[in-house]
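Reading through the structure tokens given below for one structure.
Counting convention: from 1, in listed order, for ligands and their atoms alike.
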Amino acid sequence: MDHPFVYTAPAARIVFGVGSLQHLEREIELLGAERALILCTPQQRNQAESLARRLGDRSAGIFDRAEMHVPIEVAHSAREKAARRGADCALAIGGGSTIGLGKAIALDSGLPILAVPTTYAGSEVTPIYGITKAGLKQTGRASRVLPRTVIYDPTLTLGLPVGMSLTSGINAIAHAAEGLYAQDANPVMSLMAEEGIRALGHALPAIVKDPADIAARSKALYGAWLCGTVLGNVGMSLHHKLCHTLGGSFNLPHAETHTVMLPHALAYNAAHAPAAMRRIARALDSDDGALAIRNLASKYGAPVSLQELGMQEQDIARAVELTVSNPYWNPRPLERSSLVALMARAFAGDPPITI
Ligand code: NAD
């Protein structure tokens, strides 16, 4: 063991497996709750309705206005509905946006969250929340927003479109990759990170070939849990800072931006984090982790350039300025000119190189 560490085990209860949604009633009871307000996006209203029908009197209704970045007005409406309907828990079915709405309710009210994730974003196992007020996203950490129970049922991910499966899976890999070189890395999280990358690296090509492959869906969701847990437990670096800047200030889509940026951020850091890079490459059966992730995206049709995500070339300088003005810790110092070159390559869709 080459450096000292502190490890606090996360408190969430994980119920994993094909068909595990059958345990929903038991899990609500174990939370000591009686009435769940069901949260979803308008697109996942059908799934929420089927839960509401199942729960009968134990449903406090559906709030179906979850959206990206949790606008404060939406969070207030959801909180108000939870109080009016006498909900004593929030049942969030969906991706990071829906689980993020649950967190915004829990932040003030302390309402316990039961999360049923349907993407690979990982928010369900982190104490990190984000709320957008007057166009500005504020993020923070609070243990009370960590969902108390997570039901991971791969069946619910069968309908996740192939393109989103791929970008959401690479979004998950990003948490683990940066977790491997985190300043506060610890051996348990590093084991989870490498295993998470390996699981997703194997599962994603199989999902592209057959989106109904339940074994591959299970493996991907297992990887997403591991990678999300890493995100919740150790600090993130340049890659996440770049993605938060591009998402928050330039409105680029979350998982797609992670997909484009990850190979470039890893190439930037590679020489300063050789042990992490070896583990990423090993997990992906490759000699070069950054290139392996880039190939995973390009081979199966995921976006590889910021240009195709709608970024304007003239915004590169401002994005770099925002990144360096309030940086996260990073294994390699942030150098403006190198970051401008990195962003220019990401904008154009060039392969990752050490700059
Ligand atoms: P999302 O939750 O925004 O979902 C995107 C769309 O896909 C939505 O319309 C959703 O209803 C739909 N969808 C989800 N699952 C589906 C399924 N199985 N089948 C069909 N459609 C489905 O996307 P996301 O990438 O999961 O989450 C992104 C958001 O989560 C961002 O705002 C990001 O900042 C946040 N996030 C937060 C954390 C954290 O730890 N706090 C971690 C990761 C992401």
Going by ring-ring contact (aromatic ring centres under 6.0 Å, His included), name the pairs with one or both residues in residues 104-125, residues two or more places apart or in two chains. none
Quick check: do R332 and S338 have side-chain heavy atoms less than 4.5 Å from each other? yes
May I ask you to decide if P303's main-chain N or O and E256's side chain share a donor-acceptor pair within less than 3.5 Å? no
Can you run down the side chain to side chain donor-acceptor pair (under 3.5 Å) pairs that involve residues 129-144, sequence neighbours left out, and say none if there aren't any? H69-K137
Residues in contact with ligand 1, criterion: heavy atom under 4.0 Å: T41, Q43, Q44, M68, H69, G95, G96, S97, K103, T118, T119, A121, S123, T126, I128, K137, L156, G159, L160, M164, L231, H254
Any pair with a residue in residues 159-194 that passes ring-ring contact (aromatic ring centres under 6.0 Å, His included), sequence neighbours left out, goes on the list, sorted by first then second residue, please. H175-H240
Do H272 and N330 have a side chain donor and acceptor closer than 3.5 Å? no
